[in-house]
Novice: 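Provided herewith is a single structure, encoded as structure tokens, for subsequent inquiry.
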Amino acid sequence: MYKFMLIAALAATPAAPAFAQSDTGRDFGRDAGPGYGATDGVSGFRAEPRIGYDRVITELNVETADDSASVREGKSGVTYGGELGYDMVVNTDMMLGVYGGIEGSSVEQCFPGNGPETCLTPGRNLTAGVRGGFLLNPNTVLYIKGGYSNGQIRIGYSDRDFPQDNFRVSDNLSGFHAGAGVQTAFGRNFYGKLEYVYTDYNGYEITDGTDKASLDFSRHQVVAGLGVRF
């Protein structure tokens, strides 16, 4: 139902045609002071608020027996949310972890026309995944991450000439995300990090004989986090 409503609305607007032992000999696990080990700043449970740059990309592709068209639009805004996770150091200089998060976005993307207007806004985005990294020193980790994403898309269509056709719906889209970042501990209990994340969602596709239309969503984020470790 959503796919037909969304693609039809957009089409109606003129603007939318096991690790090896380290060879370095480093031992980050040795005592770094009273009461805690050197890698305690990158091990254990953690919680963090996050904020950063968010760019959402919408791509519409239409193919017919005689012609094809593609429209790709991007809109930028602010992403904000939080993440929980658990990390552990293995083999003295490698880190492995799991995480889950939730975030929102200020992005709103509208396709105005001569009367009708279709607006797409991302709702909440849920993430769950794993990450792995290399300790540059006892407090700093360079890591990669990846996993599952579930994003909400909110769709609004309005036509001032035919208000009876107006509608507002939302749908959830599954997908995946991948990224990389650097994280630094400030003592045992606090850390900061900066990361880039790319997300690709499963979009919509409809086929009518030889005609086919698809609508896909993706996003690019650069996010900073300041967290506490327990």
Side-chain angles (χ1 to χ4, degrees), residues 1-7 10 45-61 70-88 95-111 118-133 141-156 168-183 191-206 213-227:
M1 178 64 177
Y2 294 121
K3 64 179 74 173
F4 288 99
M5 296 173 69
L6 178 54
I7 294 178
L10 285 175
F45 290 99
R46 62 183 178 87
E48 70 181 53
R50 301 155 54 85
I51 190 168
Y53 169 81
D54 190 16
R55 183 165 181 81
V56 178
I57 308 295
T58 302
E59 186 170 359
L60 174 65
N61 295 288
S70 178
V71 176
R72 191 173 189 269
E73 297 283 348
K75 189 71 173 180
S76 299
V78 176
T79 181
Y80 48 87
E83 186 175 279
L84 299 175
Y86 178 81
D87 303 313
M88 63 179 180
M95 182 203 73
L96 293 177
V98 295
Y99 61 86
I102 183 171
E103 59 193 8
S105 178
S106 68
V107 174
E108 182 177 39
Q109 189 172 24
C110 292
F111 302 87
T118 301
C119 289
L120 308 177
T121 57
R124 63 101 186 103
N125 186 54
L126 303 177
T127 60
V130 297
R131 65 179 191 159
V141 183
L142 185 65
Y143 64 88
I144 59 174
K145 62 182 293 185
Y148 171 78
S149 294
N150 184 281
Q152 184 182 71
I153 183 72
R154 296 170 180 169
I155 309 153
R168 186 174 297 274
V169 296
S170 65
D171 196 14
N172 296 326
L173 303 177
S174 296
F176 72 90
H177 66 271
V182 61
Q183 177 179 300
Y191 67 88
K193 73 179 186 181
L194 182 67
E195 67 180 28
Y196 163 78
V197 182
Y198 168 77
T199 305
D200 186 87
Y201 299 101
N202 297 326
Y204 303 103
E205 183 174 306
I206 59 174
S214 64
L215 185 62
D216 297 300
F217 304 94
S218 61
R219 72 200 313 170
H220 300 269
Q221 297 171 306
V222 179
V223 181
L226 182 62

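All heavy atoms count here, side chains included; hydrogens, waters and symmetry mates do not.
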Novice: Pair Q152, L173 - check side chain to side chain contact (heavy atoms under 4.5 Å, CB included), show working.
Specialist: CA-CA 6 Å; Q152 184 182 71; L173 303 177; over 6 Å; no
Novice: Do R50 and E195 make a side-chain contact, defined as non-hydrogen atoms from C-beta onward lying under 4.5 Å apart?
Specialist: yes
Novice: A side-chain contact here means heavy atoms from C-beta on lying under 4.5 Å apart; do V56 and K75 qualify?
Specialist: no
Novice: Go through F217 and Y201 one step at a time and tell me if the ring-ring contact (aromatic ring centres under 6.0 Å, His included) criterion holds.
Specialist: CA-CA 6 Å; F217 304 94; Y201 299 101; 7.5 Å; no
Novice: Please check if the number of heavy atoms outside Y148 that lie under 6.0 Å from its OH is greater than 12.
Specialist: yes
Novice: Is a donor from one side chain sitting under 3.5 angstrom from an acceptor on the other, for S70 and N61?
Specialist: yes
Novice: If you take all heavy atoms of P122 and V107, which pair is closest and at what distance?
Specialist: CD-O, 3.2 Å
Novice: Going by atom types alone, do D87 and Y143 pair a side-chain donor with an acceptor below 3.5 Å?
Specialist: no
Novice: Can you tell me how far apart CZ (R219) and OG1 (T199) are? Round to the nearest 0.5 Å.
Specialist: 6.5 Å
Novice: Drop me the distance from D54's CG to T79's OG1, to the nearest 0.5 angstrom.
Specialist: 5.0 Å
Novice: Side chains of I57 and H220, heavy atoms from C-beta outward: is any pair under 4.5 Å?
Specialist: yes
Novice: Verify the neighbour count for atom CG of L142: are there more than 12 heavy atoms of other residues, nucleotides or ligands below 6.0 Å?
Specialist: yes
Novice: Quick one: pull up CG in N125 and CD1 in I102 and give me the separation to the nearest 0.5 Å.
Specialist: 8.5 Å
Novice: Got H177 and Q221 here, is their nearest side-chain heavy-atom distance under 4.5 Å?
Specialist: no
Novice: Using the side chain to side chain contact (heavy atoms under 4.5 Å, CB included) rule, take K193 and E83 through it: C-alpha gap first, then chi angles, then the decisive distance, then the call.
Specialist: CA-CA 12 Å; K193 73 179 186 181; E83 186 175 279; 3.1 Å; yes
Novice: Could you walk me through whether S76 and R55 satisfy the side-chain hydrogen bond (donor to acceptor under 3.5 Å, both in side chains) test, starting with their C-alpha distance in whole Å, then the side-chain angles of each, then the deciding distance to 0.1 Å, before giving a yes or no?
Specialist: CA-CA 4 Å; S76 299; R55 183 165 181 81; 2.8 Å; yes
Novice: Is there a donor-acceptor contact under 3.5 Å linking the side chains of Q183 and R131?
Specialist: yes
Novice: Taking the side chain as C-beta and beyond, is there a heavy-atom pair between Y191 and R46 under 4.5 Å?
Specialist: yes
Novice: Any idea which heavy atoms bring L226 and G192 closest together, and the distance?
Specialist: CD1-CA, 4.3 Å
Novice: F176: which residues meet the ring-ring contact (aromatic ring centres under 6.0 Å, His included) condition with it, sequence neighbours left out?
Specialist: none
Novice: Does Y204 form a side chain to side chain contact (heavy atoms under 4.5 Å, CB included) with D171? I'd like the steps, not just the answer.
Specialist: CA-CA 11 Å; Y204 303 103; D171 196 14; 2.7 Å; yes
Novice: So how far is it from S149 OG to N202 CG, rounded to the nearest 0.5 Å?
Specialist: 10.5 Å
Novice: Between L120 and I155, is the side chain to side chain contact (heavy atoms under 4.5 Å, CB included) condition met? List the steps.
Specialist: CA-CA 5 Å; L120 308 177; I155 309 153; 4.0 Å; yes
Novice: For Y196, what residues pass the ring-ring contact (aromatic ring centres under 6.0 Å, His included) criterion, not counting sequence neighbours?
Specialist: none
Novice: Is it the case that Q109 and T121 place a side-chain donor and acceptor less than 3.5 Å from each other?
Specialist: no
Novice: Short question: side chain of S106, backbone of V78 - any donor-acceptor pair under 3.5 Å?
Specialist: yes
Novice: Will you find, in the side chains of Y99 and T127, an N or O donor that is under 3.5 Å from an N or O acceptor?
Specialist: no
Novice: Please examine the side chains of I51 and V223, heavy atoms only from C-beta on, and report whether any two atoms are closer than 4.5 Å.
Specialist: no
Novice: Kindly give the heavy-atom pair with the smallest separation between L84 and A47, and that separation in Å.
Specialist: CD2-CB, 3.4 Å
Novice: Nearest 0.5 Å, what's the CZ-OG distance between R124 and S105?
Specialist: 13.5 Å
